[in-house]
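Since the structure is predicted, the reported quantities are computational estimates derived from the model, not experimental observations. First the proteins, then the strands, lettered A, B, ... as listed; each starts at 1.
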Number of protein chains: 2
Amino acid sequence: MSTITDVARVAGVSVATVSRALRGLDRVSPATRRRVLEVAEELHYVASPTATSLASGRTRVVAVVAPFLSRWYFATLVSAIEKELRAHDHHAILFDLEDETFDSRLPLTQNMLWKRVDGVISLDVAMVPDEVELVDRLGLPLVAIGSPVPGRPFVGIDDRAAMRTAVEHLVALGHERIGYIGVVPQNVAHVRAPQDRLASFLATMDDRGLEVPDGWVLGSDWTADAAARDCADLLSGPDRPTALVAASDEMAIGVRETARRLGLDVPRDLSVVGIDDFMLSEVLGLTTVRQDVTAQGRAAAALLLQALGEDPPAAPAELVVPTELVVRESTAAPAAVAPTPL
Amino acid sequence: MSTITDVARVAGVSVATVSRALRGLDRVSPATRRRVLEVAEELHYVASPTATSLASGRTRVVAVVAPFLSRWYFATLVSAIEKELRAHDHHAILFDLEDETFDSRLPLTQNMLWKRVDGVISLDVAMVPDEVELVDRLGLPLVAIGSPVPGRPFVGIDDRAAMRTAVEHLVALGHERIGYIGVVPQNVAHVRAPQDRLASFLATMDDRGLEVPDGWVLGSDWTADAAARDCADLLSGPDRPTALVAASDEMAIGVRETARRLGLDVPRDLSVVGIDDFMLSEVLGLTTVRQDVTAQGRAAAALLLQALGEDPPAAPAELVVPTELVVRESTAAPAAVAPTPL
DNA sequence: CTGAAAGCGCTTACAG
DNA sequence: CTGAAAGCGCTTACAG
């Protein structure tokens, strides 16, 4: 493969001129620019990104860090980010911080970032002070999705509002006996949504003057499998809720399945609502509060690109993407209020 | 941040010595190595990857290319690959080749690869000759997952065997009226599994002397949503199969849902089987032929690392990961053979 | 065992 | 508008 020196030689100019011509800088005569372009084409010249990076100090790659990578929400974000970056001649390098255990994650290190990336996009990772300081020390712009980092651009949804929408949908249908699934252990401090959604559930119930009995607020690791198990006791007992709100659609799917196995009809005997509008929610007829994950990924990438650009904005943007209730077949009035709605 | 020159200065040695000491090369006295390590630690020195790359010619990053990124299979692969690479001090850069339309993808270009990566892992992308030649010309090792590239290391499952297992499971249960969903348009030549699975379905049915009526082999774009729609006509007609095999679990889930909506009991009125053991297959009780996607990703990364290592293997490895029938609740003997199995 | 020097392939003031 | 030269921060023979 040819280098800038080859191009300079056959075009009969200096490497400096080739560099300028190829990058579209001014102060190159149209004629020599044309010539250089021609020769570069001929030789299939592509600048070495590593040499360019060393000389310019910019890598044109951004770190995408996430606590999990294989889950729908994260994979969707990554896909959107990668496309937006590539459209602007940047690239995404991945850091999956997932640990063996659900309740911890790997730390962000200098090794991952230093001279390797121009910026970082964090996907719902609640950064600890040391990590924020590291990113600062390295002078890297950071944009956060999902879990905000104080003082940095943020893209996400209003988790509290989303949860409130879900609960109020049930209340409007006439439900008063409502349970919750998606509580996460205290030490899972590295993602924020679980905390906000739970807090909002409790607050909304309280606002409505609705009691939440002991044992109706269930823990889960946010997978469908676990949720299916975690709600089994509550749903098989005699004193069960008429509706269960899940902090995510994947959990809602697990709940719905367990209900069916126990012989409960959804929604007649149990209403189920989630948050996300997960890939399978539509086909499964799940009522949910939709968030547009692709839009969030794209917006975050655009913000980072902007921070990397000519005139970065002074104040950090805060983009709260709206959510929307999507009513499908997993919710209905409770049987007591409207007997046998089917 | 400090450079190798800083470390050399305060350690009182040359940069060459620092370089050797830090990389663990021999021909450095234990004493000076210790000293260099100390100073490097003190100064929080981390070598600039871009400078190292330019000097050494190796980037320690590998390109991961995929026709989609947000789907379960691909996201799971990416996660496994990234972890394996990072454990060996390498990194993954992503290329999502997804196009606007389902039936095409973006091409792999020199821009993506040249001097940017040391090798490439392709996730089920059936490469065209131009792309293979490009990778060759750039001297990059390539390992393929899912769709083999002739002469290159390959990791995947035996798609034909997997499909045969699914079909024979149904036949063993007594099914004779079996349909198929997952045919893809002719021009979708960039992924291989659809072709192999269809061919194997047809071949197995033929082996068993079973007819496949016109209209019982259905097209779909391999999403659950589409599959749910695509099978609706067949399942609502009077002359319908007793079992449907889906080329993927996601489609199987769509089929199962449509069947239920039409008032058909699964498995009593319709057996459904898929391939994958998708994230939600267990909780949904779907019978499937399981493949271990994480193992495939990890193995592919290991093979690439090996190709990048000291003594790369002469012959390209071919790793066919076994698949396994997992019988759950979506399949049973057809009603005619064993009436009302529930 | 250690250092001086060339080289990796670009970009970027600085002259002209 | 164009070129010569320094510099980005490492690695790698080559001497010693």
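In this structure, A:Ser53 contributes its side chain and A:Arg58 its backbone to a donor-acceptor pair below 3.5 Å. Remark: side-chain polar atoms of B:Trp114 are paired, donor with acceptor, to backbone N or O of A:Val46 under 3.5 angstrom. B:Ser2 places a side-chain N or O within 3.5 Å of a backbone atom of B:Leu43 that can act as its donor or acceptor partner.
Protein atom CG of B:Leu43 is 15 Å distant from nucleotide atom P of D:dG9, rounded to whole Å. Remark: C1' of D:dG3 and CZ of A:Arg9 are 17 Å apart, rounded to the nearest angstrom. Rounded to a whole Å, the CZ atom of B:Arg20 is 21 Å from the P atom of D:dG9. One interatomic measurement links the two molecules: CG of B:Leu54 to C1' of D:dG7, which rounds to 12 Å at whole-angstrom precision. Protein atom CZ of B:Arg35 is 16 Å distant from nucleotide atom C1' of C:dT2, rounded to whole Å. B:Arg60 has its CZ atom 11 Å from the P atom of D:dT11, to the nearest Å. In this structure, CD1 of A:Ile4 is placed 14 Å from P of D:dA4, rounded to the nearest angstrom.
Residue A:Thr17 places at least one side-chain N or O under 4.0 Å from the OP1 or OP2 atom of D:dG3. Between A:Ser14 and the phosphate of D:dG3, there is a side-chain N or O to OP1/OP2 separation shorter than 4.0 Å. For the pair B:Arg23 and D:dC10, the criterion of a side-chain N or O lying under 4.0 Å from OP1 or OP2 is not met. Between B:Ser29 and the phosphate of C:dT2, there is a side-chain N or O to OP1/OP2 separation shorter than 4.0 Å.
C:dA15: Watson-Crick or G-U partner is D:dT2, with both key distances under 3.5 Å.
A donor-acceptor pair shorter than 3.5 Å cannot be found between the side chains of A:Ser29 and A:Arg33. When only modelled atom types and interatomic distance are considered, A:Thr17 and A:Ser14 share a side-chain donor-acceptor pair under 3.5 Å.
Closest approach to the A:Ala16 side chain among C:dG9, D:dA4, C:dC8 is made by D:dA4 (side chain taken as heavy atoms from C-beta onward). Residue A:Tyr45 places its side chain closer to C:dC10 than to any other of C:dC10, D:dG9, D:dT12. Closest to the side chain of A:Thr3, out of C:dC10, C:dA4, D:dC8, is C:dC10.
Summary of the strand contacts: B:Gly12 and A:Ala47 both lie near DNA chain C, and taking for each the nucleotide with the nearest heavy atom, the more 5' one is attributed to B:Gly12. If B:Ala51 and B:Leu25 are placed on DNA chain D by their nearest nucleotide, the residue sitting closer to the 5' end is B:Ala51. Of the two residues contacting DNA chain C, namely B:Pro30 and B:Ser56, the nearest-nucleotide position lying further toward the 5' end is that of B:Pro30.
At a threshold of 4.0 angstrom between heavy atoms, the contacts of B:Thr32 are confined to the sugar-phosphate backbone, with no base atom among them.
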